[in-house]
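Below, all heavy atoms of this structure are taken into account, side chains as well, without hydrogens, waters or symmetry copies. So that the names make sense, note that chain A is the first sequence line, chain B the second, and so on, each numbered from 1.
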Protein chains: 2
Amino acid sequence: MEPEHSAAILKQLNLKVTPRRQEIMNCLGGERSYLSADEVWNRVKPKLGSIGLPTVYRILDELAVAGVITRIFLSDRKQYYFLCANQGHHHHFVCESCRRVEDVEQCGLDGVSRDIARRSGGRVTSHILQINGVCGTCCQEHAEVML
Amino acid sequence: MEPEHSAAILKQLNLKVTPRRQEIMNCLGGERSYLSADEVWNRVKPKLGSIGLPTVYRILDELAVAGVITRIFLSDRKQYYFLCANQGHHHHFVCESCRRVEDVEQCGLDGVSRDIARRSGGRVTSHILQINGVCGTCCQEHAEVML
DNA sequence: TTCATTGCAAACGGTTTGCAGCAGG
DNA sequence: CCTGCTGCAAACCGTTTGCAATGAA
């Protein structure tokens with residue numbers, strides 16, 4: 001992500017344009033997979049000289065609240081963050097081998113929502129869908145690997 | 001849940017039949033919503049005289065690993081547990097207002113799996129789907145509440 | 001100049017662990 | 001009896017907070 005791009009986004013959010021914020025956005029923008037807060041920390045530390053972990057948490061939280069990045073909750077109780085260029089509603093296919101994330105456009109949720117509304121009058125406000133597997137590349141390279 | 005029923009399940013899992021395990025299974029079996037570990041703890045404490053919170057965690061974990069109960073992940077990073085009678089492949093619609101859980105039979109995942117295989121040659125090994133919302137009853141009672 | 005941002009250390013809270021004692025089979 | 005179960009206290013670990021120092025506008 002170019003500095004001007006991140007600067008523009010930050011200004012639009014009424015956040016000051018600081019090296020820490022730009023570097024974190026740049027870091028996530030260059031990744032195809034989810035990163036935890038401390039993974040982001042380790043990646044931006046060398047480029048910034050130093051940065052505190054709480055700062056990383058604060059910036060990630062701001063960006064997630066603003067909707068610039070997505071928070072991912074996995075079963076290990078750690079939070080992961082992902083900057084996805086795709087703006088529309090979609091989900092992720094996560095490769096268990098290389099952690100790469102692919103977009104999944106379709107999800108059967110429209111049907112489910114309609115079903116719930118029809119059956120019990122309920123309303124769906126959010127849903128968590130994550131598809132785990134092995135991506136095409138890893139399937140070929142490590143055909144025998146199973147985790 | 002009757003004592004004989006929980007005892008049978010425990011024996012099948014090669015777990016000793018203890019009052020603590022039975023009372024926790026009984027507690028979850030009598031709930032239509034998910035409970036956190038300390039909520040289970042507070043419910044079973046009076047019936048057992050005393051029980052340690054770590055014991056509650058250990059038993060809930062055993063039951064979840066064995067598939068007897070389901071772990072529910074919400075964004076507060078606490079783990080919740082739910083005993084579901086439905087054995088087949090299905091998902092849950094979780095009411096954010098009253099915490100009631102409804103079964104969702106259909107999930108559009110077959111189509112997604114086929115799509116991933118066709119498009120990139122990847123292979124789906126597992127998926128997580130949880131649908132959050134407001135159930136029919138709560139929609140009527142608290143039409144104005146939004147969280 | 002001024003208020004948002006950051007670093008540091010310490011607190012927080014849900015969960016797990018180590019180990020000694022207890023109890024089901 | 002002999003494991004497996006449990007209680008207790010303390011550790012763990014990701015995350016948050018308080019506060020003083022710094023820096024963007």
Side-chain angles (χ1 to χ4, degrees), chain A residues 3-4 6-25 27 34-66 68-69 71-82, chain B residues 3-4 6-27 34-66 68-69 71-81:
Chain A
E4 318 84 53
S6 51
I9 294 174
L10 288 170
K11 278 177 191 154
Q12 202 177 343
L13 300 173
N14 281 318
L15 295 173
K16 292 190 175 172
V17 179
T18 67
R20 263 121 254 254
R21 286 188 174 134
Q22 286 190 285
E23 194 52 47
I24 286 177
M25 292 178 74
C27 166
Y34 303 121
L35 294 181
S36 63
D38 65 293
E39 286 167 338
V40 171
W41 189 40
N42 285 313
R43 277 168 169 73
V44 297
K45 243 189 301 189
K47 303 196 177 179
L48 289 167
S50 89
I51 176 173
L53 185 53
T55 302
V56 174
Y57 275 103
R58 282 189 276 237
I59 293 177
L60 289 173
D61 188 58
E62 289 164 354
L63 295 176
V65 167
V68 176
I69 62 178
R71 244 192 267 266
I72 304 294
F73 300 99
L74 300 183
S75 52
D76 60 1
R77 293 183 298 117
K78 287 172 67 176
Q79 297 187 36
Y80 292 88
Y81 302 87
F82 184 60
Chain B
E4 318 85 52
S6 51
I9 293 175
L10 289 171
K11 278 176 192 155
Q12 203 177 343
L13 299 172
N14 280 320
L15 295 173
K16 292 191 174 170
V17 179
T18 67
R20 262 122 255 251
R21 287 189 172 133
Q22 287 191 285
E23 194 52 48
I24 286 178
M25 293 178 76
N26 184 48
C27 166
Y34 53 89
L35 295 178
S36 65
D38 65 292
E39 286 167 339
V40 171
W41 188 41
N42 285 314
R43 278 168 169 74
V44 298
K45 243 188 301 188
K47 302 196 179 180
L48 289 167
S50 89
I51 177 174
L53 185 53
T55 301
V56 174
Y57 274 102
R58 282 188 275 236
I59 293 177
L60 288 172
D61 187 59
E62 289 164 354
L63 295 176
V65 167
V68 176
I69 61 178
R71 258 190 255 265
I72 291 182
F73 302 102
L74 301 181
S75 52
D76 62 1
R77 292 183 296 116
K78 287 172 66 176
Q79 299 188 34
Y80 294 88
Y81 302 87

B/Arg43 vs B/Glu23, test: side-chain contact (heavy atoms from CB on, under 4.5 Å). Steps then yes/no.
CA-CA 9 Å; B/Arg43 278 168 169 74; B/Glu23 194 52 48; over 6 Å; no
Proximity to DNA chain D (any heavy atom under 4.0 Å), residues of residues 38-49 of chain B only
none
Under 4.0 Å, heavy atoms only, any strand: does B/Ser36 hit a base, just the sugar-phosphate, or nothing?
nothing
Between B/Met25 and B/Ser6, what is the shortest heavy-atom contact and its length?
SD-CB, 3.8 Å
Quick one: which of D/dG7, C/dT6, D/dT15 gets closest to the side chain of B/Ile51?
D/dG7
Partner residues of A/Arg20 under the salt bridge (Lys or Arg N to Asp or Glu O under 4.0 Å) criterion, sequence neighbours left out:
none
Sequence-distant partners of A/Lys11, side chain to side chain donor-acceptor pair (under 3.5 Å), two or more places apart:
none
Considering residues at least two apart in sequence or located in another chain, which fulfil the side chain to side chain donor-acceptor pair (under 3.5 Å) criterion with B/Thr18?
none
For nucleotides 11-13 of chain C, list the nitrogen or oxygen atoms of the protein found under 3.5 Å from its nitrogen or oxygen atoms, one pair per line.
none

Here the distance between atom P of C/dG21 and atom CZ of B/Arg20, to the nearest Å, is 18 Å
Whole Å only: how far is the CZ atom of A/Arg71 from the C1' atom of D/dT16?
12 Å
Separation of B/Met25 atom CE from D/dC5 atom P, in whole Å?
14 Å
Close N or O pairs between protein and nucleotides 18-25 of chain D (under 3.5 Å):
from   : atom 1 : to      : atom 2 : distance (Å)
D/dA25 : OP1    : A/Val17 : N      : 3.1

Nucleotide D/dC5, atom P - distance to CG of B/Leu10 in whole Å:
10 Å
Checking C/dT5, C/dG7, D/dT6 against the side chain of A/Arg21 (C-beta onward), the nearest is C/dT5
Assign each of A/Gly52 and B/Asp76 to its nearest nucleotide of DNA chain C by heavy atoms, then name whichever residue's nucleotide is nearer the 5' end.
A/Gly52
Side-chain N or O of B/Tyr57 closer than 4.0 Å to phosphate OP1/OP2 of C/dT15
yes
